[in-house]
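Report on one structure; see the data block that follows.
All values reported here derive from a predicted model rather than from experimental measurement. The chains referred to below are lettered A, B, ... by the order of the sequence lines, with proteins before strands, and numbering in each begins at 1.
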Protein chains: 2
Amino acid sequence: MPYDPSAFPPFAVTVDLVVLTVRRHALCALAVRRGESPFQGRWALPGGFVRDDEDLAQAAARELAEETGLRAHDPATPAQDHGAHLEQLATYGDPKRDPRMRVVSVAHLALAPDLPAPRAGGDASNARWAPVEELLQQGGYGRDGEPTAPLAFDHALILSDGVERARSKIEYSSLATAFCPPEFTVGELRRVYEAVWGVALDPRNFHRKVTGTPGFLVPTGGTTTRQGGRPAQLFRAGGATLLNPPMLRPEV
Amino acid sequence: MPYDPSAFPPFAVTVDLVVLTVRRHALCALAVRRGESPFQGRWALPGGFVRDDEDLAQAAARELAEETGLRAHDPATPAQDHGAHLEQLATYGDPKRDPRMRVVSVAHLALAPDLPAPRAGGDASNARWAPVEELLQQGGYGRDGEPTAPLAFDHALILSDGVERARSKIEYSSLATAFCPPEFTVGELRRVYEAVWGVALDPRNFHRKVTGTPGFLVPTGGTTTRQGGRPAQLFRAGGATLLNPPMLRPEV
DNA sequence: AGTGTTTATCGTCAGGAAGACGACTATGAT
DNA sequence: ATCATAGTCGTCTTCCTGACGATAAACACT
């Protein structure tokens, strides 16, 4: 069946990735330095064109693997393998968001445990983990003293939406475990919540909450002292994906 | 700056709408009958191509106005005007979702009060409000006895996602008021929750909950007996958009 | 007028969950 | 040995919810 291609305007479709992790008690996002115009030399979210035979999720998983080496696991399967969590975030299609042409970007959100070093096509100097506050504040100065330019395109908006999604989603799901290695302690999980929310949580109430929620955590039998202090029990993520009742984010 | 159009595959981008309302104690969605191939004669979600100079939200608002006459109000503004709630839902881009060509559809979710009659380009016979269970069950029989064919394309999936979004979102937001006329009673609001969730709620506990949540409801001073029984106080939606603590959906 | 039905609204009570916080335990560092 | 650090177990109070009794104000009958 022939179809008149002039009946609709042609678009380019890309996927952009908000890849979040927790490093040194801070919520960090993966940023890559742009090598081409526009916004040459500026930081941006990783992403690329969707190929002709790809689903959107496939394209996002491919980009994630190219940038970080992480495999994405299906959101439907429990977090057994060591892949990152990947889900669609939102789609951005302002006619002027890319000065070259009409581009619609389907942003995805990925959550990963703390990783060795990022790589952008093998070039580590063009990719980095940066605290999200540093990437989102405009015209300030980063940790290294160099002035922070705003992210390219509308990527500050996309990053902001992704961070907000992650902040709200760890309230009522077990997604915070996606930031942890396969085995982790209650304290490490608590520090994830504290980093993502930017608040301090009571260790005792947190311990009661997470260990008392059926299916959230499964003890592996081992212990560790890698955080110092008394040895802590090791857990892995249980099968439960929804937290009911949810973890409450403190106000103010 | 010239850009090589052959460097990326061209896509068509559409918006599809999940327009929900509550009619006769049932959650209903707007469906339109397809006049062209493919899926000619089958029911589908309303939608259309995004124009060259339009934002995605603008395109969704335009389609909503064309199909229902409803104006969409900005999600940021409080629900003062009589427009419908409109928000982006998700994006669907399977390479085979449209047999003709590569189409990426940015689905939007709209919530509207019970409306007179739908119109699809002025032709009422090609548009209808149908209970969502009727549209989602495949191979059954609708209320009118005619066999229900599955929705065109992947629209059953989109509708299912939209319904799930609405069901979860009225838990923790004041969005249920978008299903109500500008002035409504506590009982009418309760019947919205009951229809969307498909459960029965205790009128006394519901009344205590909604009237006790600051900013949720604002009394207008009037009363009505349009539901029969003792006259009920009339309210309009307050400025609060988030419900904290949330309205709890009964289990099982 | 009285009675029943319907819906709205207020009140009471028990159980569960969360915040605040005391107490104790088990490791490494000095 | 002492201290600092982190983990784990309890207790108490407060708030919220679910279950449900009771009253109020309309309408439809008889």
Any N or O donor-acceptor pair linking the side chain of B:Arg230 to the base of D:dA25 at under 3.5 Å?
no
Can you tell me the distance, in whole Å, between the CD atom of B:Glu194 and the P atom of C:dT7?
11 Å
Expressed as a whole number of angstroms, how long is the span from B:Leu189:CG to C:dT9:C1'?
16 Å
So which nucleotide from C:dA18, C:dA8, D:dG7 ends up closest to the side chain of A:Gln227?
D:dG7
With nearest nucleotides of DNA chain D determined for B:Arg249 and B:Thr225 from heavy-atom distances, which residue corresponds to the more 5′ nucleotide?
B:Arg249
Give the rounded distance in Å between these two atoms: CG of B:Asp202 and C1' of C:dT12.
13 Å
Using 4.0 Å as the upper bound for N to carboxylate O, is an ion pair formed by A:Arg249 and A:Glu171?
yes
Where do B:Tyr193 and B:Ser173 come nearest, in terms of heavy atoms and distance?
OH-O, 4.0 Å
Atom CG of B:Asn244 and atom C1' of D:dT17: how far apart are they, to the nearest Å?
15 Å
Taking CD from A:Glu188 and P from D:dT8, how many angstroms apart are they, rounded to a whole number?
11 Å
Taking the six-membered ring for Trp, are A:Phe184 and A:Phe235 ring centroids under 6.0 Å apart?
no
Looking at B:His207, does any N or O in its side chain come under 4.0 Å of the phosphate oxygens OP1/OP2 on C:dT9?
yes
Taking only N and O in the side chain of A:Lys209, is any of them less than 4.0 Å away from OP1 or OP2 of C:dA17?
no
From CZ of B:Arg191 across to C1' of C:dA8 the rounded distance in Å is 10 Å
When you measure from the side-chain N and O atoms of B:Arg190 to the phosphate of C:dT9, is any distance below 4.0 Å, counting only OP1 and OP2?
no
Result for 5'-nearest mapping on DNA chain D, choosing between B:Arg208 and B:Arg204, is B:Arg208
Are a donor atom and an acceptor atom from the side chains of B:Asp16 and B:Tyr92 found within less than 3.5 Å of each other?
no
Please report the distance, rounded to the nearest Å, between CZ in A:Phe206 and P in C:dA20.
16 Å
SB check A:Arg128 A:Glu134 (cutoff 4.0 Å):
yes
Starting from P on C:dC21, measure out to CG on A:Leu201 and report it in whole angstrom.
15 Å
